[in-house]
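Everything on this sheet refers to the single structure shown next.
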Amino acid sequence: MAATSEIPAISALSPGRASRGMSASAAASRRRSTLPSMSPVRVRFAPSPTGFFHIGSARTALFNWLYARHTGGTFILRIEDTDKERNREEYLQLIYQSLTWLGLNWDEGPRFGASGGGDHGPYRQSERAGLYTEYVNRLRDSGRAYEKDGAIWFRLEGERREVFDEHRKKTVTKVDAPPVVIDDRIRGRVERVEDEDFVIVRSDGNPVFHLVNVVDDIAMQVTHVIRGEDHLSNTSKHVRLYEGFGVPPPVFAHIPLILKQNGPGKMSKRDQGALIEEYQRRGYLPEALVNFLCLLGWNPGDDREKLPLAEIVRLFDLPGVNQSNARFDDRKLAHMNQTYLLELPADAFVARAREQYGRAGEAGAPALAAAADYFRAVVLLCQPKLKGLEELPAYAAHFFTEDFPIDAKVREKVLAKGDPWARLDEVLAALPGLDFGSDLALEEGIKALATRCGLGFGDYQSVVRLAVSGTNVGPSLTGMMRVLGRERVQARLARLRSTR
RNA sequence: GCCCUCAUCGUCUAUCGGUUAGGACAGGAGAUUCUCAAUCUUCAAAGCGGGGUUCGAUUCCCCGUGGGGGCGCCA
């Protein structure tokens, strides 16, 4: 397949970072835009379908996507399904769905919706076995690979000696080789010694991650490898493999990890709030999640936090990515989601609300059965009050049934103050004369009633709210009355009075 | 244990050696009024420690300490 001579010398174009202590110089260069490159940028996101799609994977995908879009390059999705034991079809589908939901469309890769295609396929490693064999044979031919214990090993170059490893409690063959120098776009110069031969094909004949990852990046002509810092230690192996194939390595950019919210360690699939699927289910807005994820390890260089994706694409660059790990904060994410929700245009909000009711199962049925314009009026009334779409079905339940509960504690509290029964009767009496045309008209009508009785709006508010909604919190009272309409309001007021 | 890496409010972060160390989330107080939110005002909150370099270090260097990652015939 891809001959060595076809591979452009990408690394020669990489400016990298001058020195390890590069905070100052990095700061100077971090706002600099990407240098012109002779070869178009090709990045890839390479997940394995062995578990739920989580937030760390999403951010890795996002940063690759952003870099591709920023540079006008190509974003490739490659499925690393070489672990036959753990691969699951449903996890594969979840990768496609989650990326699509987040809006991270891929230019090359398996076809899904509008994404996928490309002429460097197939894009599933399980379908590329022939290529790996070919590359392994190249290593064998050049004496860089050998068989031992039924597996195939990559041979490092250098003096060999036997050493007893105390930690692993076994004798290993060490190779004296010069350190591998990695010119990382985010971390600067990283040196690491790779001093043991390693397996590239298991004794069962399946190639291992290091091999397939490098072979595919060569074959797919990947120019920039953007991945989590947990791969930094692997990179020395990968660089040696590139050397073994006689191909210049790509530009590496190791992004910081996301740490779990509570307790030690990086975020994993088991942690609270880790699953993309869950945000989708809870009605989080993908644009809010994407915005939040961008800010975990990157910033636009000023105080802005909520910014349009197009603006992020314009500003995003590798040197601007932070070097330190970030702790996940679901409260900040919730806040971001709320601000997006508040600013959502009416039509979009109504559509999202309908989706959320769809996910709510039986609890959502009455709302979905309601007239479209009534549904619309209800959810738009609630929009400015919600923290998340997730709350909507419960928050608005009383709009869609006359059989809503009256909160006993609230009832007691409301009825304890003043003379609410009298107020209720007054409103009931005034109801035929009230103008239900607008919130303002209703407010003026009630205020006029209050003035006649020598009272204020507040004297009516809580008891009418209780009658109409069964509780003491909710949207604007006049808004609720307007949306419910005169007949329903009257029935509800009468219902409460009958419980005296 | 070895290797790599990182280090500013509780959290996410800004700062191209000189700032009253800024913003956001979370928290406190207040304003607003039609409840709850939202909004507005406001308070509290940080340079891990020790050495250097420098007229001057949060910033550059070194050593500690602490966090994170890796050390698989997982990816």
Side-chain angles (χ1 to χ4, degrees), chain A residues 19-31 46-48 50-51 80-83 85-86 125 148-153 165-168 182 184 187-188 190-196 198-210 212-213 228-236 254 256-257 259 261 264-266 292 295-306 322-336 338-339 342 384-387 395 410 414 439 443 446-447 456-458 460-462 464-466 469 471-480:
Chain A
S19 63
R20 220 198 115 311
M22 44 36 134
S23 285
S25 58
S29 67
R30 67 196 307 151
R31 303 304 170 214
S48 36
T50 55
E80 305 219 333
D81 53 353
T82 55
D83 186 348
E85 298 296 307
R86 297 196 298 149
Q125 290 184 329
K148 189 179 94 180
D149 303 333
I152 300 174
W153 298 65
D165 186 311
E166 290 294 340
H167 188 60
R168 286 181 289 172
I182 301 151
D184 193 282
R187 325 205 81 89
V190 178
E191 265 190 35
R192 190 170 183 279
V193 176
E194 195 61 46
D195 61 358
E196 282 177 41
F198 53 91
V199 171
I200 51 176
V201 181
R202 285 185 276 266
S203 50
D204 65 5
N206 288 311
V208 306
F209 161 72
H210 303 299
V212 297
N213 192 265
E229 197 205 333
D230 48 347
H231 285 289
L232 191 51
S233 299
N234 292 327
T235 306
S236 48
H254 287 91
L257 302 179
L259 269 28
Q261 181 150 247
K266 64 172 174 173
F292 169 80
L295 262 23
L296 229 46
W298 178 87
N299 66 78
D302 53 40
D303 284 342
R304 287 177 297 169
E305 295 207 324
K306 180 175 185 290
N322 287 143
Q323 300 169 44
S324 50
N325 296 338
R327 201 168 285 278
F328 177 76
D329 183 0
D330 63 357
R331 289 175 303 189
K332 186 139 188 171
L333 169 56
H335 176 264
M336 183 65 80
Q338 183 179 21
T339 64
L342 285 174
K385 305 297 214 164
L386 297 171
K387 282 198 181 302
Y395 191 77
V410 174
V414 168
D439 294 9
E443 184 177 342
I446 294 172
K447 277 185 176 163
F457 186 98
Y460 295 90
Q461 211 256 132
S462 58
V464 176
R465 176 177 293 281
L466 178 70
S469 70
T471 184
N472 60 348
V473 298
S476 142
L477 175 64
T478 52
M480 284 198 290

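Computed from a prediction, not measured in an experiment: that's the story for all the values here. Lettering of chains follows the sequences in order, A, B, ..., and the numbering in each one begins at 1. The figures here come from the full heavy-atom set of this structure, side chains too, leaving out hydrogens, waters and symmetry mates.
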Out of [options], which nucleotide sits closest to the side chain of [X]?
{"X": "A/Arg327", "options": "B/G23, B/U11, B/A38", "value": "B/U11"}
{"X": "A/Leu232", "options": "B/G70, B/C36, B/U5", "value": "B/U5"}
{"X": "A/Tyr395", "options": "B/C36, B/U11, B/A24", "value": "B/C36"}
{"X": "A/Asn325", "options": "B/G68, B/A14, B/C12", "value": "B/G68"}
{"X": "A/Leu259", "options": "B/G68, B/U35, B/A38", "value": "B/G68"}
{"X": "A/Asn299", "options": "B/U35, B/A75, B/A14", "value": "B/A14"}
{"X": "A/Arg465", "options": "B/U35, B/A75, B/C6", "value": "B/U35"}
{"X": "A/Arg331", "options": "B/G10, B/C6, B/C73", "value": "B/G10"}

Check: [N] base within 3.5 Å donor-acceptor of [X] side chain:
{"X": "A/Glu229", "N": "B/G70", "value": "no"}
{"X": "A/Ser203", "N": "B/C73", "value": "yes"}
{"X": "A/Lys385", "N": "B/U35", "value": "yes"}

For [X] and [N], give me the distance from atom [atom1] to atom [atom2], rounded to whole Å.
{"X": "A/Asp83", "N": "B/G72", "atom1": "CG", "atom2": "P", "result": "17 Å"}
{"X": "A/Leu257", "N": "B/A7", "atom1": "CG", "atom2": "C1'", "result": "15 Å"}
{"X": "A/Gln461", "N": "B/U33", "atom1": "CD", "atom2": "P", "result": "13 Å"}
{"X": "A/Asn234", "N": "B/C71", "atom1": "CG", "atom2": "C1'", "result": "10 Å"}
{"X": "A/Asp230", "N": "B/G67", "atom1": "CG", "atom2": "C1'", "result": "16 Å"}

Span that lies between the P atom of B/G17 and that of B/C12, in whole angstrom: 24 Å
P gap between B/C40 and B/A24, integer Å: 9 Å
N/O (side chain, A/Asn206) to phosphate O (OP1/OP2, B/C73) under 4.0 Å: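 No.
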A/Arg202 vs B/A75: side-chain N/O to OP1/OP2 distance below 4.0 Å: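 Yes.
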Pair A/Glu229 + A/Lys266, salt bridge at N-O below 4.0 Å: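 No, A/Glu229 and A/Lys266 are not salt-bridged.
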Check: A/Ser236/A/Glu194 side-chain N/O donor and acceptor closer than 3.5 Å: yes
